[in-house]
Amino acid sequence: MIREKKVIAAEREYEAVKEKDIPISHYFGEDTFNSRVQQMKLPQSMYKRLQAIINEGSQLDIETANAVAHAMKEWAIEKGATHYSHWFQPMTGATAEKHDSFIEMVSADEVIEKFSGKQLVQGEPDASSFPSGGLRTTFEARGYTAWDISSPAFILRSGIGTTLCIPTVFISYSGEALDKKTPLMRSNRAVNESALRLMKLLGDTGAKRVFSTLGPEQEYFLIDKDYYFKRQDLVLANRVLTGAAPPKGQQLEDQYFGSVKERILSFMHDVEEELYKLGIPAKTRHNEVAPSQFEIAPIFEEANLAADHNQLVMEMLRKVAKKHNLAALLHEKPFAGINGSGKHLNWSLSDDRGNNLLNPGKNPHENLQFLVILVATIRAVYLHADILRASVASSGNDHRLGANEAPPAIISVFLGEQLTKILEDIEKGAAAKATDEAIIDLGISSLPAVSKDNTDRNRTSPFAFTGNKFEFRAVGSSQSISFPATVLNTIVAESLDCVADAIAAKGGSPAQAAMDVIREELTKIKSVLFMGDNYTKEWEVEAGKRGLPNLKTTPEALSGMTTDKARGLFKKYRVLSEVELMSRYHIRVERYVKELDIEAMTLANMVSSQIIPAAIGYQGVLAASVTGAAGVLGKDADLAPQKELLKEVATLIGRMQSGVRDLVAKREKAHSFEDEHKKAEFFCSEVKAVMMSLREDVDAIEPIIDDARWPIPKLWEMLFIG
Ligand code: ADP
Ligand code: MG
């Protein structure tokens with residue numbers, strides 16, 4: 001039995017091999033074609049040209065592309081690469097690679113390694129099987145990849161294969177975005193334009209570029225690989241669909257920030273080595289709240305890079321886990337009854353001079369700008385809470401949001417005591433008073449003082465201001481951060497514009513106008529502010545009164561992407577055309593249906609082919625025992641309790657059998673809906689309900705059946721042994 005084997009494995013000191021025995025700084029980024037390598041490998045003039053193109057975001061000419069491709073190839077071959085791949089992020093949420101070797105025939109029996117500028121800049125994977133949500137029909141399946149020069153190429157190793165990966169966008173023949181990177185880049189452009197305009201209006205003409213920064217804190221579970229492969233549900237649906245709650249879960253609170261087990265720390269170290277080689281600044285690692293749950297957080301980076309890097313982090317977690325005989329579970333709720341996993345997406349805006357625009361400033365001027373941008377962000381969340389909610393909707397996240405462990409489905413904003421007070425005072429028309437020495441006096445009588453507020457750490461808020469950035473906490477652990485970030489950037493761009501328009505319309509002193517606009521906006525949007533405990537029932541009621549949307553399930557939430565408001569917004573900022581937006585909506589609905597379909601069928605299979613046979617086996621033993629005992633002991637035997645147990649087992653077997661029948665029937669019914677949204681709703685309300693009641697029966701029989709007969713690993717062993 002695996003359990004015995006695992007006890008031995010867990011007790012044995014885990015032997016991990018350290019690949020690097022040098023400081024991180026000595027090898028950080030060694031597998032990326034970063035500016036240091038570019039400088040080394042390119043002629044000086046070419047290097048300068050490339051840097052200028054990267055920094056200004058201008059068009060790459062073919063001459064530079066050829067020079068860069070050549071240098072990149074030489075470098076990659078030195079690193080052992082035989083192939084190159086345009087690396088992109090299709091709408092599956094994963095990453096995609098199609099490898100081509102560097103070889104080119106020079107004669108009938110001779111090849112050389114070659115890589116041209118054209119091959120670097122543009123690829124044409126026959127990618128007809130990626131979801132396009134109706135953007136392409138298969139007969140015109142051509143998709144193009146185009147190099148994103150703002151994200152450095154890198155080396156990916158797998159087994160003995162080594163590949164040069166070139167981050168690319170993925171677009172259709174007619175230029176529609178088929179991926180997650182393109183809209184994110186467009187949203188960065190939008191927020192850049194709007195922020196610069198506002199800053200200029202407020203008198204800051206020094207900034208050349210504004211971009212969003214992201215720091216995603218990634219949660220995950222680790223379990224022993226042997227357990228993983230014994231469970232069809234984990235392999236196929238990434239979460240357990242049955243399993244009685246163990247007597248011990250997280251109630252002792254002895255896991256959070258506890259000392260990291262040797263085997264796990266070796267794993268973390270190994271992951272980090274891989275990330276450092278790729279230039280990914282992994283910074284924090286710790287045990288999370290649930291048993292066998294952990295977190296890794298990087299130092300924040302520019303949005304586009306951070307999104308690429310988070311994809312690689314997820315990939316490395318999965319890949320390195322295998323090497324350590326572990327399985328990394330990124331699902332939002334792999335185990336019922338204990339906390340699920342999310343991804344706190346830290347978001348801010350920065351300018352090219354390195355100023356964080358959500359950092360309360362050092363002088364009056366910066367503070368005014370800070371307040372305006374802060375209020376614009378709150379306005380954005382107030383107006384577009386439904387789109388933000390949609391951006392994190394998934395079948396996995398439905399189990400987590402609002403489950404008293406993660407933010408609710410209601411999107412509100414937390415600001416902390418001090419900022420709340422300042423905004424309240426502004427709204428009332430009074431300047432706030434300084435409350436501690438750290439506060440910088442703004443010098444303008446009508447402006448309040450602001451300082452970094454670290455006093456409160458409200459962990460229940462879905463969108464919390466944490467001193468110098470917002471933390472969007474409703475993002476799912478397995479999802480790509482690109483779309484939530486795209487939405488944030490776009491809605492904030494719109495609000496920055498709206499605020500700028502209002503300030504410009506007022507005329508007069510920009511500072512005074514800005515304060516007036518802040519005041520006016522606040523009265524309209526303050527219902528989105530909430531400082532209390534988001535997990536309570538009272539808040540749900542209160543939020544209802546305030547008219548804040550509370551969209552609990554994915555089908556409901558996804559409708560936020562199809563409103564006229566959403567279409568207008570994304571179109572206006574040229575982030576997603578209506579067709580592109582709708583394609584994303586369709587893909588997400590379809591994905592929801594497919595995921596629930598897989599879960600339903602997996603559960604049905606497990607129960608019929610594993611659980612029921614085990615239960616019938618035990619039922620036979622009980623029946624034989626009752627007859628046997630009656631034969632030996634005769635009338636004297638008190639067999640009522642045993643018969644009771646037999647009856648209980650038999651009843652549960654019967655219920656499980658009819659549960660499976662119900663489930664199969666409901667699933668079939670679901671597929672009879674032509675309309676994908678109706679299908680999703682049916683899965684959500686009907687199919688899920690049958691799954692849950694079937695699970696209850698399985699979980700009820702698990703503790704009363706002979707442990708040796710139970711065919712799949714139990715929750716307690718997966719979470720606590722290994
Ligand atoms: P916390 O108190 O929430 O743990 P940290 O300072 O440790 O805050 O940061 C958490 C995450 O937020 C890290 O990934 C960090 O890089 C990121 N972060 C910090 N500042 C910013 C910023 N300006 N923009 C985006 N992310 C940021
Ligand atoms: Mg954190």
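Just follow the structure's listing: the first ligand is 1, and inside any ligand the first atom is 1. Throughout, numbering of the chain's residues begins at 1 and tracks the sequence.
Using a 4.0 Å cut-off between charged nitrogen and carboxylate oxygen, Lys277 and Glu30 do not count as a salt-bridge pair. With respect to the salt-bridge test (charged N to carboxylate O, under 4.0 angstrom), the residues Glu540 and Lys552 qualify.
Listed by number with element, the atoms of ligand 1 under 4.0 Å from a non-hydrogen atom of Thr213 are 22 (C), 23 (N), 24 (N), 25 (C). Close contacts of ligand 1 with Pro298, meaning ligand atoms under 4.0 Å from a residue heavy atom, involve 13 (C), 14 (O), 15 (C), 16 (O). Against a heavy-atom cut-off of under 4.0 Å, Glu471 is close to the following atoms of ligand 1: 3 (O). Here is the list of ligand 1 atoms found below 4.0 Å of a heavy atom in Gly215: 14 (O), 25 (C), 26 (N). Close contacts between ligand 1 and Ile299 involve ligand atoms 16 (O) [criterion: under 4.0 Å to a heavy atom]. Short contacts between ligand 1 and Asn356, defined as distances under 4.0 Å to a heavy atom of the residue, involve ligand atoms 23 (N).
Two residues are said to be in side-chain contact when any heavy atoms from C-beta on lie closer than 4.5 Å; Leu312 and Thr95 fail this criterion.
The option from Arg459, Lys283, Lys469 that lies nearest to atom 18 (N) of ligand 1, judged by heavy atoms, is Lys469.
At least one N/O-N/O distance between Phe300 and ligand 1 falls below 3.5 Å. Taking distance alone, with nitrogen or oxygen atoms compared against 3.5 Å, Trp347 stays at or beyond that limit from ligand 1.
Looking at His344 against ligand 1, nothing comes within 4.0 Å, counting heavy atoms.
Residues Ala474 and Asn397 come closest through the heavy atom pair O-ND2, 2.8 Å.
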Run the salt bridge (Lys or Arg N to Asp or Glu O under 4.0 Å) check on Lys526 and Glu424 step by step: do they pass?
CA-CA 9 Å; Lys526 65 181 173 195; Glu424 275 169 10; over 6 Å; no
Quick one, Ser527 with Tyr382, criterion side-chain contact (heavy atoms from CB on, under 4.5 Å). Give me CA distance, side-chain angles, the key distance, then yes/no.
CA-CA 8 Å; Ser527 63; Tyr382 167 80; 3.4 Å; yes
For residues 191-198, run the donor-acceptor check on the side chains, cut-off 3.5 Å, and write out each pair with its distance to 0.1 Å, sequence neighbours left out.
from, atom 1, to, atom 2, distance (Å)
Asn192, OD1, Val210, N, 2.8
Ser194, OG, Ala190, O, 3.2
Ser194, OG, Ala493, O, 3.2
Ser194, OG, Asp497, OD1, 3.4
Ser194, OG, Asp497, OD2, 3.3
Arg197, NH1, Asp497, OD1, 3.1
Arg197, NH1, Asp501, OD1, 3.2
Arg197, NH2, Asp501, OD1, 2.4

